Amino acid sequence: MAYTAKDIQVLEGLEAVRRRPGMYIGSTDTRGLHQLVFEVVDNGVDEALASRATRVEVVITRDGRVRVTDDGSGIPVDEHPKVKRPALEVVMTTLHAGGKFDNGAYKVSGGLHGVGVSVVNAVSSRMRVKVWRDGYSWTQEYERGVPIGDVVKGKRTKAQGTEVEFLADDQIFETLDYNFDILDQRIREMAFLAGGTTMRLLDERSDRQVTYHFEGGVTSFVRRLTRRRGRLHPDPIVLRGQIETTQVEVALAYCDTVSEQIHTFANTIRNIDGGTHLTGFRAALTRSLNDYARKSGQLKDSDPNLTGDDVREGLTAIVSVMIPEPQFEGQTKARLGNSEVAGHVQSVVNEQLGTYLHEHPSEARKIVEKTKLAARARVAAQKARDLVVRKGALDGFALPGKLADCQERNPDRCELFIVEGDSAGGNAKQGRDRRFQAILPIRGKILNVEKARVDKVLSNESIRNVITAVGGGVGLEFDVTRIRYGRVVIMTDADVDGSHIRTLLLTFFYREMKPLIEHGNLFIAQPPLFRVGNSRRAEYAYSEDERDRLLRQISGRVSVQRYKGLGEMNAEQLWETTMNPEDRHLLQVGMNGNGDAHVDQVFSRLMGTDVGERRRFIINRARTVRNLDV
């Protein structure tokens, strides 16, 4: 077939956005759906940063529309001199049309490319924009990015601001179900970073609403993140300064925990992948603490320097920069790329953190002692990790004694079931298909790796058994291509203790074998809660509602068996409900932008991590796994 000039397509207007929406909003799943809201909210926050707005309100209506209102100066409505159309229409229907390409109207802003609100328009089935400006209200409506009519001049008013209401297009997005908690987290972050601005979120579907107003800025942010953790010093350490045109604001606190939380922002936009401001902060933190520890005598001449991992253990920090022309990677702004920002942040942190440490010797000593303890734990952990790796390499067949391995050696065709207790393990061993299914029983609740140092984690027998059985190593040395089983399935009792054990295992895999989750190799088995049946028919129920439905459907004398644990199920029942690839319920653990309420709540109670981190660690409601090729 000939390839000629007629095969070259030229997409006009916003058609390119509708053809390839992922290029502009990241994806068409729930992450992309929420990104639409963030793009519009960013414009209202930019007005607040320019001191022209004091309030931003987000409303999710009962029919699934989103309405974002601010009291800023309003989008201009006069005729654009170049295209001879109202500026409002140009902004809403033209890519790379906006007021943020120079530093005139906005000194700093989160929206930079002039594509945010026009992209939202392009992927919305309907949109209505209302502007209060120049003494009147002005309105224009659009359908899939195309104006339905001209800009309409309304009644006289003294108000100022902009209201954008849109309905996401179900032809583009996989779901139109907004998650209140995801929006709540972002709205709260904005309120912290745009201190003094009132941010309100209302969900008319559930009548949930929140209003935030913080005068303390990033200091209040760190206080909130550490409110359930024991801080080593009473107040967060606040570092502020300006180098050339870069405004730097850092708040940090050390806690008596193991994990670190560092959140980075540029012009109030969260950069989930960090960037140059994070690089500068980390370098300055490591250097400052090493310099102080040497000068104070807490580190001797013979002691090695503290590493970056050492000084960040137990650290919670917010790194926020305001710059005139930030360079982000992609429209979703996940990473900041301005090279000069690293030096600016490093300079501010080096100078001011060094001053703080010398002026607060008591707090400084506690911080350095914690980092030294982390260094000792790091050395011990490396020795333990080396032992695990070396044992696996030198003694490849030294698998855990309780592991019932399978016959198949191709990992893509193998499954490992991690089961709770010897009783359930015995039934699972009898009920499994030994050709491709392996069983590893673990006793009781394993160590909570979120609250334990790595050396203690790797010395725990149950965890070592899991590491050895799964294969591929552990921690930074973990290699997902070397795992022994293509599916690792957590199979615990359907009760509170089972949920706790499952959460502990999820935490371990998330912290020490994260690629296992990222590549979709980790699953959770869902055993039934009830067996409902009579002499002729028996069905399994996975919830009380399902049990009640079966009781209404099955006639005659019906018996109900409640499974308190996997050990109460015989081998045949365990196979047909949980292990048979042709008919079973599995949840696939993934790294998506959505959230599962149960896991969210458990992680909140158990780990105390912030909502954003928990939400990135989610469980996709997976399908029944079928047609396994064995």
Side-chain angles (χ1 to χ4, degrees), residues 16-17 20-27 31-32 34-35 38-39 41-43 45-46 49-50 95-119 186 189-190 192-194 218 221 239-252 260-287 308 312 317-350 518 591 593 612-613 616:
V17 180
R20 298 290 186 268
M23 292 178 58
Y24 299 88
I25 56 174
S27 67
R31 286 179 299 162
H34 291 85
Q35 184 65 32
F38 303 154
E39 292 288 351
V41 171
D42 287 348
N43 290 336
V45 174
D46 288 343
L49 294 178
L95 290 179
H96 309 295
K100 301 166 186 176
F101 292 107
D102 58 30
N103 298 329
Y106 298 85
K107 296 298 181 184
V108 294
S109 67
L112 303 165
H113 307 141
V115 301
V117 73
S118 56
V119 166
R186 182 62 173 266
E189 287 177 355
M190 292 289 195
F192 279 123
L193 296 164
V218 295
F221 204 161
L239 315 172
R240 293 189 179 96
Q242 181 165 340
I243 307 292
E244 297 177 4
T245 57
T246 303
Q247 301 174 37
V248 179
E249 189 173 21
V250 176
L252 60 95
E260 68 173 271
Q261 290 188 80
I262 302 178
H263 305 290
T264 53
F265 300 85
N267 295 3
T268 75
I269 304 299
R270 184 169 188 172
N271 314 123
I272 59 174
D273 294 333
T276 52
H277 47 352
L278 177 60
T279 301
F281 170 71
R282 285 179 167 177
L285 182 70
T286 305
R287 178 180 174 181
R312 293 194 302 272
I318 301 296
V319 181
S320 175
V321 296
M322 297 288 182
I323 46 183
E325 296 184 7
Q327 300 168 14
F328 294 113
E329 294 184 7
Q331 171 61 17
T332 54
K333 307 177 180 72
R335 185 179 179 87
L336 181 67
N338 298 64
S339 58
E340 73 281 1
V341 172
H344 296 165
V345 173
Q346 192 168 350
S347 178
V348 171
V349 174
N350 270 333
E518 295 171 334
M591 301 290 289
E613 184 175 350
R616 288 192 294 276

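Worth saying up front: this structure is predicted, and the values here are computed from it rather than measured.
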Item checked: Short side-chain to backbone donor-acceptor contact, S347 and G343, under 3.5 Å -> no
Checklist line | Qualifying residues under side chain to side chain donor-acceptor pair (under 3.5 Å), relative to T246, sequence neighbours excluded | finding: H344
Check: Closest approach of L278 and G274, non-hydrogen atoms and distance?
Finding: CD2-CA, 3.9 Å
Check: Once you round to the nearest 0.5 Å, how far does CE of M322 lie from OG1 of T245?
Finding: 13.5 Å
Next item on the list: Find out whether T279 and Q346 are in side-chain contact, i.e. whether some heavy atom of one side chain is under 4.5 Å from a heavy atom of the other.
Entry: no
Checklist line | Atom pair CD (Q261) and CD1 (I318), whose distance is rounded to the nearest 0.5 Å | finding: 8.0 Å
Checklist line | Over all atoms of both residues, closest heavy-atom pair of N350 and A284 | finding: OD1-O, 3.3 Å
Margin query: Show, in sequence, the C-alpha distance, side-chain angles and deciding distance for N267 and D42, and conclude whether the side chain to side chain contact (heavy atoms under 4.5 Å, CB included) test is met.
Written below: CA-CA 10 Å; N267 295 3; D42 287 348; over 6 Å; no
Next item on the list: Taking all non-hydrogen atoms of both residues into account, name the closest pair between G280 and V345 and its distance.
Entry: C-CG1, 4.1 Å
Note to self: Just so I know, are the side chains of F281 and T264 near enough to count as touching, which here means a heavy-atom distance under 4.5 Å?
What the structure shows: no
Note to self: With heavy-atom distances below 4.5 Å as the criterion, would you say the side chains of F38 and R270 are in contact?
What the structure shows: no
Notebook entry, point to check: Can you name the residues that form a side chain to side chain contact (heavy atoms under 4.5 Å, CB included) with V348, not counting sequence neighbours?
Noted result: I243, V248, Q352
Next item on the list: Would you check if I269 and L336 make a side-chain contact, meaning some heavy-atom pair closer than 4.5 Å?
Entry: no
Next item on the list: Output yes when a side-chain donor or acceptor of N338 lies under 3.5 Å from a complementary backbone atom of T276, and no otherwise.
Entry: no
Next item on the list: State whether the side chain of R312 and the backbone N or O of G308 hold a donor-acceptor pair below 3.5 Å, judged by distance alone.
Entry: yes
Note to self: Can you list everything that forms a side chain to side chain donor-acceptor pair (under 3.5 Å) with Q242? Sequence neighbours excluded, please.
What the structure shows: none
Check: Do the ring planes of H263 and F221 sit parallel (below 30°), tilted (30 to 60°) or perpendicular (above 60°)?
Finding: parallel
